[in-house]
**Q** 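One structure, pasted below without further comment.
We use all heavy atoms of the structure for the numbers below, so side chains are in, but hydrogens, waters and symmetry mates are not. If you read the sequence from its start, that first residue is 1, and numbering goes on from there.
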Amino acid sequence: MDENKIRIITKVLGSVSTNCYFIVNVSTKDTIIIDPADSPATIKSVISENGLKPQAILLTHGHFDHILAANQIKEKFNIPVIACDKEKNIIENSSFNLSSSFGANVQLKADEYVQDGTLLNIAGFSIKVIHTPGHTEGSVCYYFLNEDILISGDTLFNESVGRSDFPTGSASQLIRSVKEKLLILPGKTIVYPGHGDSTTIEYEKKYNPFCQ
């Protein structure tokens with residue numbers, strides 16, 4: 001699939017401005033929803049207004065600000081939720097996923113748990129799961145092999161990296177994940193993070209102080 005057949009729609013949702021991504025196969029309108037952060041109504045509107053056909057929900061990790069709308073969207077469109085097997089406890093525990101600290105009580109069960117190196121074929125895309133512990137134990141990034149696109153969650157940001165002071169977080173693991181698993185990707189790879197603006201691997205190698 002060439003890059004002209006992929007469209008990425010971004011919606012910034014929720015109390016901490018989380019990026020929810022709609023990865024669209026332009027030819028078929030089959031769509032992957034990554035990190036349905038909040039506001040099921042907004043997500044449903046994007047789907048309706050663009051004639052999208054949701055196929056799956058992918059989670060980069062289990063924090064509340066990335067999963068608040070997951071249950072509703074899963075039920076509405078009868079699609080599976082996919083997450084890392086090492087993130088199971090966080091997704092299912094409202095204390096670990098921090099939702100209980102923000103006046104919510106979100107518990108979510110994934111339909112499929114994946115591991116480092118798992119290859120997913122969804123909506124016509126080939127996606128490699130890259131396990132990047134550090135922000136949480138089960139944080140993952142999704143690398144779209146034919147498009148050189150990386151959905152990095154809260155592991156890698158534009159000129160920064162994610163926090164590591166939450167349950168199961170580790171600063172040393174986080175930096176190791178970024179350097180050993182993400183910076184080895186092609187420099188032209190476009191990075192779409194969980195918060196903030198997109199960037200590229202080449203740019204982060206040069207300007208991210210955590211990558212030096």
**Q** Taking the side chain as every heavy atom from C-beta outward, state whether Ile151 and Leu58 have any pair of such atoms under 4.5 Å apart.
**A** no

**Q** Any luck finding a side-chain donor-acceptor pair between Thr136 and Ser139 under 3.5 Å?
**A** yes

**Q** Is there a side-chain contact between Ile184 and Lys179, using heavy atoms and a 4.5 Å cut-off?
**A**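 Ile184 vs Lys179: side chains apart.
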
**Q** Would you give the length of the straight line joining atom NE2 of His135 to atom CG of Asp165, rounded to the nearest 0.5 angstrom?
**A**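 Answer for the NE2-CG pair, His135 versus Asp165, is 9.0 Å.
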
**Q** Which donor-acceptor pairs under 3.5 Å do the side chains of residues 73-81 make with protein atoms, sequence neighbours left out?
**A**
from	atom 1	to	atom 2	distance (Å)
Lys74	NZ	Asp111	OD1	3.2
Lys74	NZ	Asp111	OD2	3.3

**Q** Calculate, to the nearest 0.5 Å, the distance between atoms OG1 and CG belonging to Thr189 and Asp148 respectively.
**A**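 Reported value, rounded in 0.5 Å steps: 4.0 Å.
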
**Q** Where do Asp154 and Arg163 land on the side-chain contact (heavy atoms from CB on, under 4.5 Å) test, with the steps shown first?
**A** CA-CA 8 Å; Asp154 287 2; Arg163 292 175 60 169; over 6 Å; no

**Q** Could you pull out the closest heavy-atom pair between Pro36 and Leu59, with the gap in Å?
**A** CD-CD2, 3.8 Å

**Q** With a 4.5 Å limit on heavy-atom distance, are the side chains of Ile9 and Asn50 in contact?
**A** yes

**Q** I want to check something: taking the side chain as every heavy atom from C-beta on, are Phe210 and Leu156 in contact at a cut-off of under 4.5 Å?
**A**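 No, every pair of side-chain atoms sits at 4.5 Å or beyond.
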
**Q** When rounded to the nearest 0.5 angstrom, what distance separates NZ in Lys5 from CG in Asn146?
**A**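 Here the rounded value is 11.5 Å.
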
**Q** Looking only at side chains, do Asn19 and Thr10 share a donor and an acceptor under 3.5 Å apart?
**A**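 The criterion, which ignores hydrogens and geometry beyond distance, is not satisfied for Thr10 and Asn19.
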
**Q** Which pair of non-hydrogen atoms, one from Gly194 and one from Phe157, has the smallest distance, and what is that distance?
**A**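 It is N-CE2, 4.1 Å.
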
**Q** According to the interplanar angle, ranging from 0 to 90°, do the rings of Tyr203 and Tyr207 count as parallel (below 30°), tilted (30 to 60°) or perpendicular (above 60°)?
**A** tilted

**Q** Ignoring hydrogens, what is the shortest heavy-atom contact between Ile33 and Pro54? Give both atom names and the distance.
**A** CD1-CB, 4.2 Å

**Q** Determine, stepwise, if the pair Thr168 / Lys86 fulfils side-chain contact (heavy atoms from CB on, under 4.5 Å).
**A** CA-CA 10 Å; Thr168 76; Lys86 296 184 183 300; over 6 Å; no

**Q** Same hydrophobic cluster for Ile6 and Leu150, using side-chain heavy-atom links shorter than 4.5 Å among ILVMFWY?
**A** no

**Q** Could you go through His195 and Val16, starting from their C-alpha distance and side-chain angles, then the distance that decides it, and tell me whether this counts as side-chain contact (heavy atoms from CB on, under 4.5 Å)?
**A** CA-CA 8 Å; His195 305 271; Val16 290; 4.1 Å; yes

**Q** Ignoring hydrogens, what is the shortest heavy-atom contact between His131 and Gly138? Give both atom names and the distance.
**A** NE2-CA, 4.0 Å

**Q** For the atom pair CD1 (Ile190) and OG1 (Thr200), what is the distance rounded to the nearest 0.5 Å?
**A**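 Reported to 0.5 Å precision, the distance equals 8.0 Å.
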
**Q** What I'd like to find out is whether the side chain of Ser126 reaches to under 4.5 Å of the side chain of Asn121, using heavy atoms alone.
**A**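 Counting from C-beta outward, Ser126 and Asn121 do come under 4.5 Å.
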
**Q** Applying the 4.5 Å side-chain criterion to the ILVMFWY set and letting contacts propagate, would Val161 and Val140 be lumped into a single cluster?
**A**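 Val161 does not cluster with Val140.
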
**Q** Under the criterion side-chain contact (heavy atoms from CB on, under 4.5 Å), I'd like the reasoning laid out for Ile47 against Thr31: C-alpha separation, chi angles, the key distance, then a yes or no.
**A** CA-CA 9 Å; Ile47 292 167; Thr31 300; over 6 Å; no

**Q** Looking at every heavy atom in both Glu159 and Pro209, which two are closest together, and how far apart are they?
**A** O-CD, 3.6 Å

**Q** Could you check whether any side-chain heavy atom of Leu182 comes within less than 4.5 Å of a side-chain heavy atom of Val191, counting everything from C-beta outward?
**A** no

**Q** With heavy-atom distances below 4.5 Å as the criterion, would you say the side chains of Tyr113 and Ile82 are in contact?
**A**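 SC-SC contact between Tyr113 and Ile82 ruled out.
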
**Q** Tell me whether Tyr143 is reachable from Ile32 by hopping between hydrophobic residues (I, L, V, M, F, W, Y) whose side-chain heavy atoms are closer than 4.5 Å.
**A**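 Per the 4.5 Å side-chain linkage, Ile32 and Tyr143 are not co-clustered.
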
**Q** Please tabulate, for side-chain N and O atoms in residues 171-178, each donor-acceptor pair with protein atoms closer than 3.5 Å (sequence neighbours left out).
**A**
from	atom 1	to	atom 2	distance (Å)
Ser172	OG	Ser170	OG	3.2
Ser177	OG	Pro133	O	2.7
Ser177	OG	Gln173	O	3.0

**Q** Quick one: CG on Leu52 to CG on Asn25, what's the gap to the nearest 0.5 Å?
**A**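 Going from the CG atom of Leu52 to the CG atom of Asn25 covers 11.0 Å.
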
**Q** Counting only heavy atoms not in Lys128, do more than 12 fall under 6.0 Å of its NZ?
**A**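 Atom NZ in Lys128 is not crowded, with 12 or fewer foreign heavy atoms closer than 6.0 Å.
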
**Q** Using 0.5 Å steps for rounding, measure from the CG atom of Asp35 to the NE2 atom of His63.
**A** 11.5 Å

**Q** Would you say Leu185 ends up clustered with Ile127 if hydrophobic residues are merged whenever their side chains have heavy atoms under 4.5 Å apart, either directly or through other cluster members?
**A** no

**Q** Side chains of Ser152 and Thr60, heavy atoms from C-beta outward: is any pair under 4.5 Å?
**A**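 Contact flag for Ser152/Thr60 side chains = no.
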
**Q** Any idea which heavy atoms bring Gly14 and Asp38 closest together, and the distance?
**A** CA-OD2, 3.5 Å

**Q** Please determine whether residues Ile130 and Ile149 belong to a single hydrophobic cluster, defined as Ile, Leu, Val, Met, Phe, Trp and Tyr linked transitively by side-chain heavy-atom distances below 4.5 Å.
**A** no

**Q** Using links of under 4.5 Å between side-chain heavy atoms of ILVMFWY residues, direct or through other members, which residues join Val26 in one cluster?
**A** none

